[in-house]
Amino acid sequence: MTSPQLSAPSGIADGLALVTTEGARPAVGRAGLDRAAELISEGRADAVAFAPGGVGDAVLAVRTSTLLVRADILGQLPGSLLADVAGAGRSADASTALVDVQWRLNLRGFRVVARDGALPPDAALTTLGGRRRRLSGTLTMLHTNLGDDLRGPVLAAAQAFLVSSSLAATDTTRLDLQRSPGGDDVADLSVPALGLVGPYAVDQSLDDLERTTRTRERVQFNRRVPDQTLAPLLSAALPGLLGASTPSERDTLAALMRLVGADTLLTAPLRVLVVAPDDGPARELALALAGRVGTQVTVRVVAAESGTVSQDGVTVAGPVHEHTDWADAIALVGTTLDDAPGAAGAHVPLCADLTTLDIGAWLRTGPRTRYRATALADLAKRADLVLVADQLQHDMLLGTLAGMGRINAQVYDLDPTLNSLVTLDATGDALAGFCTAPMRAADSILPPRRLPTSTVALAVRYLRQGGIGFLAGKVAARVRGRLRRQETSR
Amino acid sequence: MSHAPHLTPGPHEVRDGVVSVILVNYKGADDTIACLTYFDAIDWPADRLELIVVDNDSQDGSAETIAAAVPHARVIESGANLGFAGGCNVGVDHATGQYVGFINNDARPGPTWISAAVAAMADPHVGAVASKVLDWDGERIDYVDGSLTWFGMGYKREAERPDDGSYDVARDVLFGTGAAMFVPAELFREVGGFDERFFMFYEDVDLGWRLNLLGYKVRYVPQSLAYHRHHVTMKKFGNYRETYLLERNALLSMVKNYDDDSLARTLPAAIPLAVRRGVGRAGADTSEFDDRPAAAGDARVSKMALTGVYAVDYLVEQLPTLLESRREIQATRAVADSDLFPLFRQAIEPAYPIPSYIAAHSALVDAFGLDSWFMSQPRVLVVTGEPLSDRLAGPAIRAWEIARALGSSHPVRLLSTAGVDDVTGDGFDVVHASGVDLRTHTDWADVIVFQGFLLEGAPWLTASEKILVADIYDPMHLEQLEQAKDLGEQGRTEAIRAVTGVLNRQLARADYFLCASDKQRDFWVGQLAALGRISPLTVPDGASLDALIAVVPFGIQDADPVQARHGIRGVVDGIGLDDKIIIWGGGVYNWFDPLTLVRAVGRLAARHDNVRLYFMGMKHPNPGVPDMKIAWETTQLADELGLTGRHVFFNSGWVPYAERADVLLDADVGVSTHFEHVETRFSFRTRILDYLWTHLPIVATTGDSFGNILDAEGIGRGVPPEDVDALEAALEEMLYDDQAAAQAREQVARYAEQFRWARVLSPLLDFAATPQRAPDIALATQSRPADPVPAGAPGGLAGLRAYARLLVHSLRTGGLTEVARRARGFVQRRLHPEHY
């Protein structure tokens, strides 16, 4: 197995990596790489894929042999995927793995664009086995990367399409009593071997399903962007990924997508739940937001105190937590997590708009309980984006976020300004931007922090992690550390 | 909504009260003629019977032969082999009956096959009648119910079982078998008849499924009986033909009938599974020919290996018409998928024992969460801390009856943590487990109904996603106020605290609660509120608390009591056949007041020498329940008053559950007396239910849920606490005033009906049909309310002392088993603090 080429060729800007399938030479010349590097350095792309006909538009993923990408974000992808790009062939062939790389970058909120470049002859397609692996790898990728709503319909349509399109040159009526009587004395059939590639790929995709399912859980947990945001890119990419190249094949795929309702899901607008008080400035801001973004996304507004929910001015039935479950993204405008039951545990982007609040006064004027402080802490722990009205609030919220461990390497390394976490938004532009293109925070992939509350609890944890030996090691290290500190203090 | 080109729009002649029976013949004239002759002996008027034979282009002279042999049958030649679906549609198109009946030509009708079906179809909600079908000899089951796998394959779970009378109750099913079924003719035409794309197999599944979606019932009617030789027609062809039809028709049914959400979960799993099934059955290797060039020519493949593959291709081929069918069916459906899943019976069923296939099935079920989606028959574990033997105390009786009621619609295990001794469940399994062995059973269950201390014995349940139903009909902490008096001040304080903690853990975690009375319900709602469980999340504004807590009183057996032999009269020394017997129908515990009763009986005995008081059980069958001080005081008092063995009698053991009717039916009056305290107000005296069951007039202290209604309902007399005079008078009236006693017995019989187990358990049965997590628990895992009463003992030295006292208490109340159980709980809490 060779390694993928991850370092930039000489002369390309620092911080970029060139990823090619099975370590092949890049499929584009120096000038093409330079233009791609320029796009990335200008912030117009995070990765550039080279494929025939690419014109610089954003893509979900294209078949390519060459990808230029920011080296820092490449580290967010699992090593096993990059190993497949190098040709390890664990879950997919190299070409499909590089498609998967692009898709996963999109899931993490990075922009991939396609530029024109040659696609070298695909050696994987020269054998029946290579073709079968290509298709089963594609199915595995769909299983892994599609969110809960889209996975079922799109995967079913893809499976049926791959089986049927493979069998295009095969007479499949031969088992049908009605249409093809006779021949019952023969136990087998002669069929074009190529026709079996799709069906066998579908079957092979089952062989490693447990591992695929575990991978899927990680990918879905780590994703920052909901499928609805990527839906236009996904719709454009699917025919190519599934090899639907003729008009007839594209029609069949489209009909299958209609049959299972995938077409509706892919064209449905993003669903945003806006939670605001029943009246006051925050309510007005929420209603203004609904009017502003209502043509692009579906907005439901929750009146927090009364619990009523409306969409386009019409009341929608059901308790609030059902609407929380409905949403692709949630905006809390002048409200807290308690006003949106289920939001704390939901894995959707959540924005806390505090622009209508003077946080300090809000904390000091409430009931004499710790409730507001706790609510603010919970909000700071969960929110993917916090919006505030002025610099004082901004600084205060930064402190709150820091206290909750939100100022961390994951957030800082991707955005040293920290604007992606807390932003001044006097005009409502950032709130509208979040509602049309919501994204989870960079540190949303971190597991919930659980700090030991006592030495005993820590000891129990060590025991559970590694048994007595592990605990003894930890104790010894502590003792050594304490002795060192005593030595130093003398 | 169906693809039925041979079912024309009409108009069709319809003759009221006429039944058109349709048989499809394909090269089977002898079978068809034999079948038709059975209609000569059927219990249905000939002038209201129309026999229609559709010959599916047999090309062997079948049509002429049948017409000659059975001239009163109409023989219609379809002109082509249209399969079973098309042939039936042709028959219905020519039928003039109000109802159409379908019967395979290799079957025969029983005498009431038609009449029973027509009677059932008088109900306008019944859209089809599924006949009972036995084998030709009438010994074994062919069809009594239709089950459906999640991947659309219908199957008959009961097939081949002996017909032992277990299937003679009408019920609603998902589909009937096309071998013998009925549909109102107009409805059949309206819904598009059988889908002719199916040709044969599963067209009956599809029709039943569609009727159910429209809100009609498919009613299994056992009196509509037929007999069947199975699959005579298909035996003429290769097995792959049948397999192919089954595969493709299962996919067609799914695509047509599932709603969007169900289809999104099932289809991406069903397609590869269909491929794997064929490949697996053929033993083919799909990883073969890796190195062959892509341009390679043909390959020889087993036909069986291609059955699933070609079925998928057929699905794609039918896309244009399928899109239309699905759109129509989904637009007109009146019933949600989740409401139909119970009729699937057991959707998670791989159905084929092929290792590679079973492994794929398991992985797919896991990957797409199908087991939780299809909780058509949630597995229910009923847990009691009481031993299960022939001697059952109240909690065990209740658990037993819950298991029995749920067992008719769910796979059920009744588990005792205290032991099982030589008892067999009636439609459910009975098991014993404790400690870590509980895990196997809790993992198995989808829903767990429990009493007592389960969360301490199985602490993993607290953080699990299992649906927990806490049966809190016994407010144990209130009992401790009296029961624990024997433990001394400190022991009592800790006992109350510990039991309150146990209950709080249940209240904080369970998804649904069962209590015994409205008064209890109010009390428990208050305690739930203290734990943060009453909120708009659990109970939206304006909604009822019924979604969280239900009143399920103790019940009485559905079967009336039968006395096999005397249990007291002439059996207990000192009690004669004609004596007047007062029965104390349960144990003697500290919150009861048997002393006032003994005194009253002593006074009564001075005037009535034949009065007898019988204490039914002095020794609780659970060794963990200690003998209480009041029991000793009672025997002492009876001795002191010279009543023991003359007017007052004690059963030093416990009456077996199955024999209690023998004892109770010997009594003239049932009695229950207690002291005035808080436990009384919230208690539900299960012994009173036995009195109701055996129609005994009741004399009891007022203050609890029964004592307060005795006079108002006319079922007995309520007396104030510790009032010997009032008790004596009430007993005398019920024992010696024949008219008053007879009136009371009559009213008891009336009043008792509401407590039949089948009736009182209906809220639980409804919940178990579509069980759900409580929304606040499911949503608020990150912000669970704190437990205001700590469940464990305090920390530090005080904690050690508390544990020592708890140890002593555990030893006294439950012996070493109880100590071991608590020790395990302690270790689990230390090792898994996140569960608490």
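Computed from heavy atoms alone, side chains included, the values below leave out hydrogens, waters and symmetry copies. On a predicted model such as this, the values are computed, not experimentally measured, just so you know. We name chains A, B, ... by the order of the sequence lines, and we start the count at 1 in each one.
Remark: of the listed residues A/L206, A/L162, A/T212, A/L162 is the sole one forming a side-chain contact (heavy atoms from CB on, under 4.5 Å) with A/L139.
A/H323 contributes a side-chain N or O that, together with a main-chain N or O of A/A317, makes up a donor-acceptor pair within less than 3.5 Å. Within the 3.5 Å criterion, the main-chain N or O of B/G83 finds a donor-acceptor partner in the side chain of B/N56. At least one donor-acceptor pair under 3.5 Å links the side chain of B/Q330 to the backbone N or O of B/N257. Between the A/Q220 side chain and the A/N145 main chain, a donor and an acceptor come within less than 3.5 Å of each other. Proximity of a side-chain donor or acceptor of B/E203 to a complementary backbone N or O of B/A85 within less than 3.5 Å is not detected. A donor-acceptor pair under 3.5 Å links the side-chain atoms of A/D278 to the main chain of A/A304, judged by distance alone. With hydrogens and angles ignored, the 3.5 Å screen pairs a side-chain donor or acceptor of B/R326 with a backbone N or O of B/Y258. Judged purely by atom type and a 3.5 angstrom limit, B/S58 uses its side chain to pair as donor or acceptor with the backbone of B/K27.
Among B/N81, B/L322, B/L315, B/L364, the residue with the largest count of heavy-atom pairs under 4.5 Å with chain A is B/L364. Highest contact tally toward chain A, considering only B/V301, B/L267, B/D260, is held by B/V301 [criterion: heavy-atom pairs under 4.5 Å]. Note on B/L82, B/L306, B/L323: by heavy-atom pairs under 4.5 Å with chain A, the leading option is B/L323. Counting heavy-atom pairs closer than 4.5 Å to chain A, the top-ranked of the candidates B/A270, B/G297, B/A360, B/P320 is B/G297.
Heavy-atom distances place the side chain of A/R131, and not its backbone, under 4.5 Å from chain B. For a residue to count as touching a neighbouring chain, one of its non-hydrogen atoms must lie under 4.5 Å from one of that chain's; by this rule B/V309 touches chain A with backbone and side chain alike. Contacts between A/R211 and chain B at a heavy-atom distance below 4.5 Å are absent for every atom of the residue. Only the backbone of A/L125 comes within less than 4.5 Å of a heavy atom in chain B; its side chain stays farther off. Of the atoms belonging to B/S362, not a single heavy atom falls under 4.5 Å from chain A. Both the backbone and the side chain of B/F368 come within less than 4.5 Å of a heavy atom in chain A. Of the two parts of A/D325, neither the backbone nor the side chain holds a non-hydrogen atom closer than 4.5 Å to a non-hydrogen atom of chain B. When heavy atoms are compared at a cutoff of 4.5 Å, A/R133 approaches chain B solely by way of its side chain, counted from C-beta outward. Looking at B/R300, the atoms closer than 4.5 Å to chain A (heavy atoms on both sides) sit in the backbone and in the side chain alike. Of the atoms belonging to A/V186, heavy atoms from both backbone and side chain fall under 4.5 Å from chain B. Heavy atoms of A/A187 lying under 4.5 Å from chain B belong exclusively to its backbone. For B/R327, no part sits under 4.5 Å from any heavy atom of chain A, backbone or side chain. Both the backbone and the side chain of A/T252 come within less than 4.5 Å of a heavy atom of chain B.
Nearest approach of B/G369 to B/S372, heavy atoms of both residues: O-OG, 3.1 Å. Across every non-hydrogen atom of A/A201 and A/R132, the tightest pair is CB-O, 3.5 Å.
Expressed to the nearest 0.5 Å, how far CG of A/D227 lies from CG of A/D149 amounts to 8.0 Å.
Using a 4.5 Å cut-off between non-hydrogen atoms, the part of residues 275-282 of chain B that approaches chain A consists of B/V275, B/R276, B/V279. Residues of residues 166-176 of chain A that come closer than 4.5 Å to chain B, counting heavy atoms only, are A/L167, A/T170, A/D171, A/T172, A/R174, A/L175, A/D176, ordered by residue number.
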Kindly determine whether B/H361 and B/W150 satisfy ring pair (Phe, Tyr, Trp, His ring centres under 6.0 Å), including the steps that lead there.
CA-CA 11 Å; B/H361 178 272; B/W150 61 267; 5.7 Å; yes

Worked check of side-chain hydrogen bond (donor to acceptor under 3.5 Å, both in side chains) between B/R248 and B/T307
CA-CA 8 Å; B/R248 77 174 203 192; B/T307 51; over 6 Å; no

